[in-house]
Amino acid sequence: MQFRNKRILRARGLAWSMAFLLLIMCLGGCASMQSADGFRDGNMDFGSIRTVEVLPFANLSRDNAAADRVRDVFMTALLSTGAVYVVPVGEVNRGLIRAGISNPAAPSTEEVIKLAGFVKADAVIIGTVKEYGEVRSGSSVGNAVSLSLQMIETQTGRVVWSASTTKGGIGVTDRLFGGGGEPMNAITEKAVDDLVNKLLP
Amino acid sequence: MTWSTSFFHKLLSALATLLILAGCAGQSQVLKPPQPVDKAGYRVAVLPIENLSGGKAPLKELRKTLEEKVESAGFEVLGEGALDQFMARHRIRHVGGVDEESAKLFAEEEGVKGVLVSSLEFYADSYPPKLVMTSRLVSTGTDPHILWMDSLALSGNDSPGLFETGTVRDAGKLSQQGLQQLAVSLASAREAGFRLDPAKMPQKSFPPRQFFRQGLSPDKRFRVVILPFYNRSGRKYAGEIMALHFLKELQQLGNFQVVEPGMVRNKLLQYRLIMEGGMSNANADVIFDVLQANVVVTGKVLEYQDARGEAGIPVVEFSASMLDKASHMTVLATDSYNTGEERVHFFNIGRISTASCLAGEMIRGIVDRLRQPAVLVNH
């Protein structure tokens with residue numbers, strides 16, 4: 001009798017464990033895209049950076065204007081923190097022309113140092129828009145933004161900060177009920193805020 | 001009288017009241033003709049309408065109607081023939097603004113006190129008909145400045161009312177109503193001595209998505225130049241349209257004197273200023289000097305989508321910045337994105353049917369922030 005009870009208890013325990021594992025797997029499958037990765041130079045005094053230039057972003061998405069959209073939102077978000085001054089776009093473009101930088105999305109160390117000679121900035125931010133727009137998974141549709149940024153110090157040309165973020169994607173409700181996910185506007189704002197928070201914690 | 005006849009009479013009267021009310025629905029836009037002003041003739045020139053709609057529109061008919069409405073509002077209008085001769089004589093081709101030279105000549109040769117500059121932003125004659133137009137009165141003489149500015153954004157299905165009795169299906173009727181509105185606004189502004197009336201300013205606005213401001217105290221006066229926005233949208237002339245919206249809203253602030261766009265265009269051509277990809281400090285210096293301005297506004301339009309048909313939703317996205325002469329720094333940076341259905345919760349109530357109206361409310365959100373006291377930011 002005692003032996004039988006033990007068997008029942010063991011079977012129940014196994015069933016509960018299986019159910020728990022299944023739940024974890026279901027939740028894992030439903031999770032939307034989230035990421036938290038980055039690099040921050042421990043030897044860099046970020047407080048000394050007062051002026052930054054945001055160079056045109058590289059665009060790997062299907063939307064031709066995605067890089068411009070994200071750059072605009074990022075520049076205004078960075079300015080609105082009040083922590084740094086962002087050089088106006090026109091002045092950045094003038095500097096790029098004078099420095100003869102052909103690919104502003106990926107400048108070399110020498111080019112960054114040269115650019116700093118024309119536009120007085122303590123750091124340069126470069127970036128890549130990896131995803132911008134609709135993503136599909138089976139019959140579910142959602143919007144996603146994925147971007148990565150790097151900050152390069154203009155005196156030495158070293159990368160002092162790097163981070164990436166991905167927001168949006170297909171969530172549980174999108175999979176269950178459809179709806180197309182959050183609007184692009186909202187997730188762009190979230191992605192940019194995430195990066196600004198990583199840069200200025 | 002039996003119970004049934006009494007009930008029948010009550011029902012009839014209730015139905016009649018309903019019908020009368022339905023007939024009145026959506027008629028708020030129908031305005032009474034403006035009362036002519038007794039004051040001595042205020043001579044104005046009504047310039048041909050600048051077409052920023054990117055499509056075909058009955059510009060001559062619209063101008064003719066506007067001229068009639070302005071005349072009936074108590075203004076003395078310079079005849080079409082005389083205006084044509086004047087424009088041919090002085091080779092005036094651009095009708096979207098008035099430069100210093102033309103303003104002086106208008107006053108000296110034609111005795112005109114103001115020039116009415118109108119820009120057509122959108123026109124649709126298929127159902128629902130739409131008319132979006134901006135007009136401004138520019139003073140003549142040696143120092144031309146904007147005396148009055150107003151815009152209209154009408155759609156035939158703005159106020160459908162009960163049983164759609166308030167819908168306007170005829171584009172001509174809608175134009176008559178809209179241009180009447182503009183003439184009434186112009187006449188009342190003249191009566192008020194072209195002074196701003198805060199009570200008449202629209203209240204609805206959309207707050208910007210991102211906003212930065214440094215300085216720009218409401219107790220200081222600014223002379224501001226607005227450059228045409230860089231257009232990255234698919235809509236033709238969206239840059240010029242957005243600049244006009246900023247002009248109208250900043251003018252409402254009171255402490256901002258906006259330089260007439262015709263003067264700005266003339267100086268940009270004269271000094272061959274080409275600002276591809278944004279304005280540099282060197283370009284800004286020239287603008288500050290030749291137009292005696294202390295701030296300059298520039299920006300980028302990323303989306304300017306008008307609502308097509310009955311179910312279309314307008315979408316507007318732009319960013320703008322303001323550069324200060326003294327510090328050579330950005331004193332205002334803002335970024336906005338909105339759609340026309342953001343205030344809709346049920347039955348399409350609160351829907352915005354034109355991109356113009358939406359853009360106006362978005363810029364008003366920025367201007368509202370500028371009314372608040374400045375917060376100093378240390379860089």
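Below, chain A is the first sequence line, B the second, and so on; all start at residue 1.
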Q: From Ser336(B) OG over to Asp72(A) CG, what is the distance, rounded to the nearest 0.5 angstrom?
A: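 Reported value, rounded in 0.5 Å steps: 11.5 Å.
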Q: With rounding to the nearest 0.5 Å, note down the distance linking CG in Asp68(A) to CD in Glu317(B).
A: 10.0 Å
Q: Are any side-chain N or O atoms of Tyr337(B) and backbone N or O atoms of Ala186(A), one a donor and one an acceptor, separated by less than 3.5 Å?
A: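 No: the side chain of Tyr337(B) does not pair with the backbone of Ala186(A).
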Q: Sort Met279(B) into side chain, backbone, both or neither according to what part of it lies under 4.5 angstrom from a heavy atom of chain A.
A: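 Met279(B) touches chain A through backbone heavy atoms alone.
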Q: With heavy-atom distances below 4.5 Å as the criterion, would you say the side chains of Gln210(B) and Asp193(A) are in contact?
A: yes
Q: Assess whether atom CD of Gln252(B) is packed by more than 12 heavy atoms of other residues, nucleotides or ligands within 6.0 Å.
A: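 More than 12 within 6.0 Å, yes.
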Q: Who among Ser280(B), Gly278(B), Ala333(B) has the most heavy-atom pairs with chain A under 4.5 Å?
A: Ser280(B)
Q: Who wins among Met75(A), Arg69(A), Arg94(A) for the most heavy-atom pairs under 4.5 Å with chain B?
A: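 Most pairs with chain B among the choices: Arg69(A).
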Q: For atom CZ of Phe256(B), decide whether the heavy atoms of other residues, nucleotides or ligands shown that lie under 6.0 angstrom number more than 12.
A: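 Atom CZ in Phe256(B) is packed in, count exceeds 12.
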Q: Tell me whether Gln292(B) at atom CD has more than 12 heavy atoms from other residues, nucleotides or ligands lying less than 6.0 Å away.
A: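 For Gln292(B), atom CD is crowded (more than 12 foreign heavy atoms under 6.0 Å).
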Q: Where does Thr298(B) contact chain A at under 4.5 Å (heavy atoms): side chain, backbone, both or neither?
A: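 Neither the backbone nor the side chain of Thr298(B) comes within 4.5 Å of chain A.
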Q: Which pair of heavy atoms, one from Pro88(A) and one from Leu323(B), lies closest together, and at what distance?
A: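 Pro88(A) and Leu323(B) have their closest heavy atoms at CG-CD1, 3.9 Å.
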Q: For the side chain to side chain contact (heavy atoms under 4.5 Å, CB included) test, which of Thr81(A), Leu79(A), Val86(A) pairs with Phe212(B)?
A: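 The option that passes is Leu79(A).
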Q: Check whether Ser321(B) gets within reach of chain A through its side chain, its backbone, both or neither, counting any heavy atom under 4.5 Å.
A: neither
Q: Minimum heavy-atom separation for Val73(A) and Arg209(B), please, with both atom names.
A: CG2-NH2, 3.2 Å
